[in-house]
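Beneath this line is the structure, given in structure tokens, with notes to follow.
Basis for what follows: all heavy atoms, side chains included, without hydrogens, waters or symmetry-related copies.
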Amino acid sequence: MPGKTIRVAADVGGTFTDLVCFETDAESGQSTVRTAKADTTPPDYEIGVMNVLEKSGTDPAGVNVLVHGTTVVINALTERRGVRVGLITTEGFRDTLEIARGNRPDFFNLHYRKPPPFVPRRLRRELPGRMSYRGEEMRPLDLSGLDGIIADFQGEGVQAVAICFLHSYADPSHEVAAEAAVRDLWPEVSVVSSHRIAREWREYERCNTAVLSAYVQPVAERYLDRLRDRFEDRGFAGSLYVMQSNCGVDSLEAVSRIPITMVESGPASGVWGAAELGRLIGESNILALDIGGTTAKCALVEGGNVRIMTDYWIERDRTSAGYPIMVPVVDLVEIGNGGGSIAWVDDFGKLHVGPRSAGAVPGPAAYGRGGTDATTTDANLWLGRINRDHFCDGEVVADMAAVERTITDVGRRLGVDTDDAARGIVRIANNNMVNALKLVSLNRGFDPRDFTLVAFGGGGGMHAVALAKELGVRKVVVPESASVFAAWGMMMSDLRRDYFVTRLADLTPDEAAGIEAAYAEAVARAIADFESEGVSPERVTVTRFGKFRYRNQEHTTEIELDADPVSEASVGAIADRFHDAYEREYTYRLDAPVEMVGLHLVASAEVGKLEMTDRESTGASAEIAQKPGRTVDFASEGDHAATVYDGSRLEPGMRFAGPAIVEAPGTTIVIHPGDRVEIDGYRNVVIQVSDANGKEFPGSGAGAGTDEATGGSEGKGGVT
């Protein structure tokens, strides 16, 4: 479209496909924002993407930049919808997947069984050849038996081959040779080598990552090809990027080669969105909370930085060790505690909420689709926190008879009435989420009182204030587009790649030159990778991290390094930074030598990231946004007559106080008695939280008048 730049983000979730469209006028610089939701359409997820574009009135032919996030990889893994994989590994190591780790969570269960590997033993084959941990060839690779292996794989119906050799993180030449030979013998098969995904030690984790990547690669590649074809058929000629798990985007071609990197693309984009929002409003320390229909996810952002890790596991719970995936993933905690989480009473009369969910079908009892279990959503409806007369933005008529029946049944098992049962469900759900937030803050040496809580997802605003009160958090921010915030976060992402390299060395002056050489090599590799896709070196920004530990410890602590080269003079400052980080997380430090285990390099380049501008205030009072009020049970503070506001009519500078409810598209925000609210320049709902006695926490500037609803003349972002 002449004179306009259109950027679109589409996030495919388990239930809904979300879209955020920013249309910017080239002359005025003014942007308009459109959001939309459509049903997700498995297994043909691309249909849902096209549907949500049509619903929003967006023509693909006019789109300049499209960023896409999808659950296709994690769904293929958890639902076992990948392809049959054959593994080729070092002679004597075919059972690495079977041996796994001794980290059995159900430790005292004498009948415990490890999760079965994704590749059965008959499809795990060996080749002679050996590298040392220093990358020295101890025995040449022997490919003479490869013909027979390929023939057997073909007879077994294998569709993808994973290759993982011992110590290939140090020297991948054996894997490179084996991969080339497999492609020559079997050109049509999908081949994945471990060194292309992870250059870190830990044989089991690296091997399992290669296997899982091979397992999903044909599925993801077909999906991404179909998505590209559909867009091109509709005239799309812009840039297409895919959201990854490291909070960055990458080209469709690059992700198609290693699709396992988008295993957690949806949660990553939400956390990154929270970090970017924090930069906009002047909050560098953020607790990000995403509450959806099935799960609640939370992460910590310190100093504007999102922590990325490679120690990621799927299907790990109290009874299963799960499966490791050694790819860069945002460090988050996820629990089965969302709007659809089912409330149940155990044999000892104790109330639980989750992790089992009612899902989208039949969904909560309120949906009227046959749900027979009480959920968090049902409890919120019964307590008046959700508007029963405008349920799901008026698209669903709430089945209150079913809600009462299911909650009453929970109450009967507890020996309490329906109201108390509903309050109990909300309180237990809140307690579960508080514990998750403690895992990413207190358990890692951070005081949540030093952070601002950014809550999003359909249920974020419903529970955020109660969680903040429990943790002593002074400020809660609910973004304007909270219900589609993950898609919004995609629009704020850079082209990003993370490089992890194992480099074992003592952190001493005489090792400084070798450590710096390893960083220089990683930087050169990153620059070359970006140049191969048309990104010039001057556009690439590099950030360096190091993984350190006290000598002979098992695991590491990662710290950020300065941009200056590692030198004999700087290793002391690096060691001091490690000591401080270690003590913060573990409460003590050791008088022991420090050693480097590996390096982490982040290379990024901007690809037309959206620039937000704040909006001017009209000076109108919040009273113009008021709707008919209602009595709301706040679970912990009892019943109160709450003022209800239409979130779509709130403007920058408007102020009001709780008890109040904000009914925004796709979400409801519960503001407890004594809390104060101001709408900032980006139309975010900024809540100054009071303590349990209705008083502001020490040091929390309310930024709002004492009147319940007063006008404001300034609508600047970054309310403090």
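Within the structure, every pair that satisfies the ring pair (Phe, Tyr, Trp, His ring centres under 6.0 Å) test and touches residues 534-566, not counting sequence neighbours, is listed here: Phe545-His600, Tyr550-Phe578, Tyr550-His579, Tyr550-Tyr582. The stretch residues 174-216 participates, sequence neighbours left out, in these ring pair (Phe, Tyr, Trp, His ring centres under 6.0 Å) pairs: Phe118-Tyr215. Screening residues 169-180 for salt bridge (Lys or Arg N to Asp or Glu O under 4.0 Å) gives Glu175-Arg206, Glu179-Arg183, Glu179-Arg196 as the qualifying pairs, with residues at least two apart or on separate chains. Within the structure, the salt bridge (Lys or Arg N to Asp or Glu O under 4.0 Å) test picks out the following pairs touching residues 502-520 (sequence neighbours left out): Asp506-Arg551, Glu516-Arg544. The side-chain hydrogen bond (donor to acceptor under 3.5 Å, both in side chains) analysis of residues 258-271, with sequence neighbours excluded, yields the pairs Gln244-Thr261, Glu264-Tyr312.
Side-chain contact between Val571 and Thr508 is absent, with no heavy-atom pair separated by less than 4.5 Å. Residues Val249 and Met490 are not in side-chain contact: their nearest non-hydrogen atoms beyond the backbone lie 4.5 Å or more apart. Side chains of Leu277 and Phe485 form a contact here, defined as non-hydrogen atoms less than 4.5 Å apart. The closest side-chain heavy-atom distance from Thr90 to Arg130 is below 4.5 Å. The shortest distance between side-chain heavy atoms of Leu507 and Ile515 falls below 4.5 Å. Between Pro117 and Arg124 the shortest side-chain heavy-atom distance falls below 4.5 Å. Glu205 is listed as a side-chain neighbour of Arg101, based on a closest heavy-atom distance under 4.5 Å. For the pair Val189 and Ile150, the minimum side-chain heavy-atom distance is 4.5 Å or more.
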**Request:** Apply side-chain contact (heavy atoms from CB on, under 4.5 Å) to Leu146 and Arg125, showing your working.
**Result:** CA-CA 9 Å; Leu146 187 60; Arg125 303 301 176 87; over 6 Å; no
- Item | Criterion ring-ring contact (aromatic ring centres under 6.0 Å, His included) on Tyr169 and His167, from CA distance to verdict | CA-CA 5 Å; Tyr169 62 85; His167 301 309; 5.7 Å; yes
Set out, in order, the CA-CA distance, both residues' side-chain angles and the distance that settles side-chain contact (heavy atoms from CB on, under 4.5 Å) for Asn103 and Arg316, then state yes or no.
CA-CA 11 Å; Asn103 57 342; Arg316 194 173 193 173; 3.2 Å; yes
Practice prompt. Show your working on side chain to side chain donor-acceptor pair (under 3.5 Å) between Glu585 and Thr557 and close with a plain yes or no.
Written response: CA-CA 9 Å; Glu585 187 160 354; Thr557 297; 4.9 Å; no
request  = Could you walk me through whether His68 and Phe231 pass the ring-ring contact (aromatic ring centres under 6.0 Å, His included) test, one step at a time?
outcome  = CA-CA 12 Å; His68 179 53; Phe231 271 91; 8.1 Å; no
Does the side-chain contact (heavy atoms from CB on, under 4.5 Å) test come out yes or no for Glu203 and Leu166, once each step is laid out?
-> CA-CA 7 Å; Glu203 191 70 12; Leu166 195 66; 3.5 Å; yes
Exercise for review: Determine, step by step, whether Ile308 and Asp331 satisfy the side-chain contact (heavy atoms from CB on, under 4.5 Å) criterion, reporting the C-alpha distance in whole Å, the side-chain angles of both residues, the deciding distance to 0.1 Å, and the verdict.
Suggested key: CA-CA 5 Å; Ile308 304 298; Asp331 184 11; over 6 Å; no
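Between atom OH of residue Tyr241 and atom CG of residue Leu252 there is a gap of 11.5 Å, rounded to the nearest 0.5 Å. Taking OH of Tyr588 as the start and CG of Leu590 as the end, the distance is 5.5 Å to the nearest 0.5 Å. In this structure, CG in Leu97 is found 11.0 Å from NZ in Lys114, a value given to the nearest 0.5 Å. Atoms CG and CD, from Leu224 and Glu46 in turn, are 10.0 Å apart once rounded to the nearest 0.5 Å. Rounded to the nearest 0.5 Å, atoms CD (Glu595) and OG1 (Thr556) are 10.5 Å apart. The CD atom of Glu276 sits 12.0 Å away from the CD1 atom of Ile281 when rounded to the nearest 0.5 Å.
The backbone N or O of Ala605 sits nowhere less than 3.5 Å from a side-chain atom of Arg539 that would complete a donor-acceptor pair. No donor-acceptor pair closer than 3.5 Å links the side chain of Ser213 to the backbone N or O of Thr209. When atom types are taken as modelled, the side chain of Arg7 and the backbone of Met491 share no donor-acceptor pair closer than 3.5 angstrom. Proximity of a side-chain donor or acceptor of Asn208 to a complementary backbone N or O of Pro324 within less than 3.5 Å is detected. With hydrogens and angles disregarded, no donor-acceptor distance shorter than 3.5 Å links the side chain of Asp494 to the backbone of Arg496. Under a 3.5 Å cut-off, the side chain of Asp562 and the backbone N or O of Asp564 do not form any donor-acceptor pair. Trp272 places a side-chain N or O within 3.5 Å of a backbone atom of Met492 that can act as its donor or acceptor partner. Within the 3.5 Å criterion, the main-chain N or O of Leu77 finds a donor-acceptor partner in the side chain of Arg80. Checking side-chain atoms of Asn285 against main-chain N and O of Gly303 turns up a donor-acceptor pair under 3.5 Å. Proximity of a side-chain donor or acceptor of Glu126 to a complementary backbone N or O of Gly92 within less than 3.5 Å is detected.
Counting non-hydrogen atoms of neighbouring residues, nucleotides and ligands closer than 6.0 angstrom, the CD atom of Glu521 reaches no more than 12 such neighbours.
Salt bridge annotation for Arg222-Asp225: absent, with no cationic side-chain nitrogen under 4.0 angstrom from a carboxylate oxygen.
Val216 and Ala76 get closest at one heavy-atom pair: CG1-CB, 4.1 Å. The minimum heavy-atom distance between Val219 and Gly82, with the atom names listed, is CG2-CA, 4.0 Å. A pairwise comparison of heavy atoms in Ser251 and Glu533 identifies OG-OE1, 3.0 Å as the closest pair.
Partners of Ala160 according to the side-chain contact (heavy atoms from CB on, under 4.5 Å) rule, which considers only residues two or more places apart in sequence or in another chain, are Val83, Val85, Ser190, Ala214, Pro218.
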